[in-house]
Enquirer: 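Dropping a structure here in C-alpha cells format, bear with me for questions.
Chain naming here is simple, since letters A, B, ... match the order of the sequence lines and numbering starts at 1 in each.
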Protein chains: 2
Amino acid sequence: MRAMAAPGLASARRHLRNKPMIENRPGSVSAELIAVLVAVTAGTPRVLTIAEGTSLPSGPLSPEHRSLQAGTRSWVERQTHHPLGYVEQLYTFADNDRNAALGGFGRAISISYLALTREQPKTLDGGASWRNWYDYFPWEDHRQGADLPAPLPAALRAWAQAGANPAARRARKQRAAIAFGLEGRRWNEELVLQRYELLYEAGLVSEAARDGIACHTTPAPRLGHAMRQDHRRILATGIARLRAKITYRPVVFELMPPSFTLLDLQRSVEALAGQLLHKQNFRRLVEQQALVEETGQMAGATGGRPAKLFRFRADILQERAYAGTKPPLPRA
Amino acid sequence: MRAMAAPGLASARRHLRNKPMIENRPGSVSAELIAVLVAVTAGTPRVLTIAEGTSLPSGPLSPEHRSLQAGTRSWVERQTHHPLGYVEQLYTFADNDRNAALGGFGRAISISYLALTREQPKTLDGGASWRNWYDYFPWEDHRQGADLPAPLPAALRAWAQAGANPAARRARKQRAAIAFGLEGRRWNEELVLQRYELLYEAGLVSEAARDGIACHTTPAPRLGHAMRQDHRRILATGIARLRAKITYRPVVFELMPPSFTLLDLQRSVEALAGQLLHKQNFRRLVEQQALVEETGQMAGATGGRPAKLFRFRADILQERAYAGTKPPLPRA
DNA sequence: CCAATAATGCTCAAATTGAGCATAAATAGG
DNA sequence: CCTATTTATGCTCAATTTGAGCATTATTGG
C-alpha cells in the first residue's frame, strides 16, 4: 500500500469527497515522454521523427531522472548525441482513446516537450530522420504567396455547410474564417493547433479517417503527411508554441550556428513563422534590442554585397530569456 | 516491470511499432490532478484551498474520466457545486522529491490545472476555503504603492552578496533586479514564478527552510503563508499564467457576474494583475474591443455618479477566446 | 560596363500607448 | 439648499511603436 504523503491533506480530501484517499490510490498509469525536437536547416524548419516520419521520438519515464525535463533532455541527448539548448514542457495528454490503443492495460499519460537544437549530419541512429515540418502541415507555409492548398477552401465550405442547423453552420463558417484567415481576416500564424483540430473534425486529415470521422468532400482530401496516434497534434502544439515564443523571447538563437548574417537569422525566423518579414524592420528590431553583436568578419559571398557576421550577446540573451522581449514584425 | 531507461531511437521505434506497447509498460506511476481554482470577490483574487489554506485541492486521476481536463472539471465541480467556466492545463510535475515523500511507492505525477469561476457562498464542503492569494504572495500586490515587503530589499542584497564569486554575485544581483524591478527597472507583473523561485533559492520562504535551503539574513524572513509540498509553486505558476492570459485573451469574464460596471471589471483585472490601471484607457480598450454591451440598466448607487451596467457579448467573446485580442494597459 | 542580388541607411504615416484635463451626475453632511 | 466627495465619462495630446517604402552601396556573373 501507499504511504500517505500528507496526512492533513488526506483528511481534508476526505472532507471534500467523503472517501479516504488511500483507497483511491491515484490510478496507476504508465507515463511516456514525447519530444518535438526542432532544428532549422537551410531555411527549412525540421522535426526529428522515427518510423519513416510517422512518429515523434518518445521514451518511458524512468525513476533515475531527476525530473521530467531532465529525463527528456537526457534521452534525447543520448539519441542525438548533442546537447539541447532549450527544453520546454508542452502538454500532457491522457485521453481514453490512448487507453483503448493500449489494450485496456491502464491509462497512458504522455508528457510532451518542445526542444530546440541544431541539426547535425551524422549523429542519428537508424530509423530516425529530420523532416520538414511543412510536410505535415502544408497549409502552414505562407512564405510564397498566401494561397491555401487547393482543396482546402472548398472543403472548408463543405464542412461549414454540413452543420446540423443554421446556427451551427454560421459558427463553423466563422471558425474556419478565423482559423484560416478567410473573408478578409488576416492569417494568424499562431493558430496552428486550432487549424489542425478543425481539419481533423472536418475529416480532412488521414488521422480523422483512421478514427472514423466523416468528411463532406469527395474524394476526401488527405492534407499533409499523417502520423501515428496523436503525434501530429502534438507537433502542431509544438509549432504553435514556438511561433508564439519567438515573438517575445529570443529562442531562435538556440537554432542558429555561432555566427550568422542578419539575413540568415531572418530566414530562420521566417521558416518558423511560415511568413516573410520586412527586412529593414527586422534589422531595426534585432539591432535595437541589442541581441547580437558584430564578429568583425564578413560572410562568404552569397551573390550580393557581402554581409557582416554576427553572434549573440550571451549577457543580453540571458536577461531576455528570463524576462521577455518585444515582438518582431510580420509582413509580405 | 519497467522497461529500459533510454532506448536508442531504433529501439524506441521498435517500441512503437514492432512490439505491442503493452509489454513495454513505461514506468508505472501514480497520477493526481491539482487545481488552482480562482475567483475574484470584492476586489480580492481568491484561490480555493483545503487543509487550513495549506494545500490546493487535488484528486486522483480516475479511469472513468474522458480526459485529464474532464477529470479536473468533474471533480472540482462536484466539490464546489457549480460549473467551471474555464479550465486550462498548467504544468505537469514529477520530481524525485515527490517520489521520496511518497515513501517509494513509485513516482507521483501531478498534473496541475488553472480553473476560473465565481465564488459562491455556501457551497464548500468542510475544510475547504477561499483565500486571498496575496496571503501567499504579499510581494505581488502593488495596488497600493509599489513598495516591497520590508525585509525584502535587504534580504535580496544579502543573497546576492552571498554568491560564490564575483560573476555569481553579479548574476544574482541582475536576476533580483529583473525579477523585482530594482535599480530603475520596471516591475513585470508576469514574473510571479521567477520571483517565487528566487525567494525559495534565497531561503526567504518557509518551504526553503523545510527543504534545508540556507538563508543569508538573520532572522530569516518567512515571506507569505507557506503551503505543503510544492503547492505554492503551482499557485505561482497559475497566477503567472492568468496574469499573462488576461493581457491577450478575455478570460476575466469568467470571473465576473452576469452584469457589472466598467469599474467592477477594472477592479477585477487590477486584483489579478496586482497593479492599478488608468481608468480612461481601460475603458477605451474595453469599449473599442467591443467585448461588452450596455444592459440598459444602472448600478445601484455606490457613492458617486451611477454607472451603467454592462454584460459580455457572447459572440465576440467566443471569437476572441479562440483567436486572441489586444492587451490592456498597466499604470499607477 | 551592365544586370542581378544583397546589405544597409533613412523617412514617413498610421496606429497604439501612456497620461492628463474637464465635465457630468450622483450621495452625504451641514 | 449648498458643498464636498465620489464616481462616470468624454476628449486631447505627446511619445512610441509599427508597417511600409525609397535610395544607396557593395559584390558577383556575364
Side-chain angles (χ1 to χ4, degrees), chain A residues 42-43 142 146 181 186-189 246-248 259-270 273 275-310 324-332, chain B residues 42-43 142 146 181 186-189 246-248 259-270 273 275-310 324-332:
Chain A
H142 284 227
R186 80 189 275 176
W187 176 262
N188 182 341
E189 76 273 9
I246 49 171
T247 70
Y248 63 93
S259 83
F260 49 85
T261 69
L262 293 183
L263 189 58
D264 290 340
L265 184 61
Q266 184 180 345
R267 292 280 175 255
S268 292
V269 173
E270 290 173 340
Q275 287 204 143
L276 297 179
L277 303 176
H278 184 277
K279 189 191 264 188
Q280 296 92 320
N281 291 352
F282 181 81
R283 289 158 162 278
R284 173 173 68 188
L285 185 82
V286 170
E287 290 186 334
Q288 150 203 312
Q289 294 202 159
L291 296 172
V292 300
E293 62 193 1
E294 300 181 13
T295 64
Q297 301 194 293
M298 304 295 277
T302 49
R305 172 174 171 176
K308 291 178 191 159
L309 283 174
F310 291 82
T325 164
K326 312 279 179 53
L329 350 147
R331 202 235 80 110
Chain B
H142 285 227
R186 79 189 276 175
W187 175 262
N188 181 341
E189 76 271 10
I246 49 172
T247 70
Y248 62 94
S259 83
F260 49 85
T261 69
L262 292 182
L263 188 59
D264 291 340
L265 184 61
Q266 183 179 347
R267 292 281 175 254
S268 292
V269 173
E270 289 174 340
Q275 286 204 141
L276 297 180
L277 302 176
H278 184 278
K279 188 191 266 190
Q280 296 91 321
N281 291 352
F282 180 81
R283 289 158 162 277
R284 174 173 67 189
L285 184 82
V286 170
E287 290 185 335
Q288 151 203 311
Q289 294 202 158
L291 295 173
V292 300
E293 62 192 2
E294 300 182 12
T295 64
Q297 302 193 292
M298 305 296 277
T302 49
R305 172 174 168 175
K308 291 177 191 159
L309 283 174
F310 291 82
T325 166
K326 312 280 179 50
L329 350 146
R331 202 235 81 110

Enquirer: How is L263(B) classified with respect to the nucleic acid when contacts are heavy atoms under 4.0 Å: base, sugar-phosphate, or nothing?
Expert: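 Answer is sugar-phosphate: L263(B) comes under 4.0 Å of backbone atoms only.
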Enquirer: Separation of N281(A) atom CG from dA7(C) atom P, in whole Å?
Expert: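 My rounded result for the distance is 15 Å.
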Enquirer: What is the separation between atom CG on L277(A) and atom P on dA20(D), rounded to the nearest whole Å?
Expert: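 About 11 Å, once rounded to whole Å.
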Enquirer: Heavy-atom distance under 4.5 Å between the side chains of K279(B) and L262(B), does that happen here?
Expert: no
Enquirer: Rounded to whole angstroms, how far apart are CZ on R267(B) and P on dT6(D)?
Expert: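 For the pair R267(B) CZ and dT6(D) P, the rounded distance is 13 Å.
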Enquirer: Using a 4.5 Å cut-off on heavy atoms from C-beta on, say whether the side chain of Q266(A) contacts that of L263(A).
Expert: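 Yes, their side chains come closer than 4.5 Å.
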Enquirer: What's the CD-P distance between Q266(A) and dT8(C), to the nearest Å?
Expert: 12 Å
Enquirer: With a cut-off of less than 4.0 Å, is there a side-chain N or O of R305(A) near OP1 or OP2 of dT25(D)?
Expert: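 For dT25(D), neither OP1 nor OP2 has a side-chain N or O of R305(A) closer than 4.0 Å.
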Enquirer: Report yes if the side chains of D264(B) and R267(B) come closer than 4.5 Å at any heavy-atom pair, otherwise no.
Expert: no
Enquirer: Which nucleotide, dT9(D), dA26(C), dA26(D), lies nearest any side-chain atom of R283(B)?
Expert: dT9(D)
Enquirer: Nearest-Å distance, CG (L285(B)) to C1' (dT17(C))?
Expert: 10 Å
Enquirer: Distance check needed: dT6(D) P versus D264(B) CG, whole Å only.
Expert: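 After rounding, the reported distance stands at 18 Å.
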Enquirer: Considering all heavy atoms of both residues, which atom of L277(B) and which atom of E270(B) are nearest to each other, and what is their separation?
Expert: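 Closest approach of L277(B) to E270(B): N-OE2, 2.8 Å.
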Enquirer: If you only use heavy atoms from C-beta on, which nucleotide in dT18(D), dT9(D), dT12(D) is closest to the side chain of R284(A)?
Expert: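 Among the listed nucleotides, the one closest to the side chain of R284(A) is dT18(D).
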Enquirer: Contact class for K279(B) (heavy atom, under 4.0 Å): base, sugar-phosphate, or nothing?
Expert: base
Enquirer: Just how far, in rounded Å, is P of dT28(D) from CE of M298(A)?
Expert: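 Result: 11 Å.
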Enquirer: Between P on dA8(D) and CD on E294(B), what's the gap in Å once rounded to a whole number?
Expert: 14 Å
Enquirer: Rounded to the nearest 0.5 Å, what separation is found between the CG atom of L291(B) and the CZ atom of F310(B)?
Expert: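 Rounded to the nearest 0.5 Å, the CG-CZ separation comes out at 11.5 Å.
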Enquirer: Counting heavy atoms from C-beta on, name the nucleotide in dA26(C), dG21(D), dA7(C) closest to the side chain of H278(A).
Expert: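 My answer, after comparing the listed nucleotides, is dG21(D).
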Enquirer: Compare the minimum distances between each of dC22(D), dA8(D), dT25(D) and the side chain of Q280(A), then state the nucleotide with the smallest one.
Expert: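 Looking only at side-chain atoms, Q280(A) lies closest to dC22(D).
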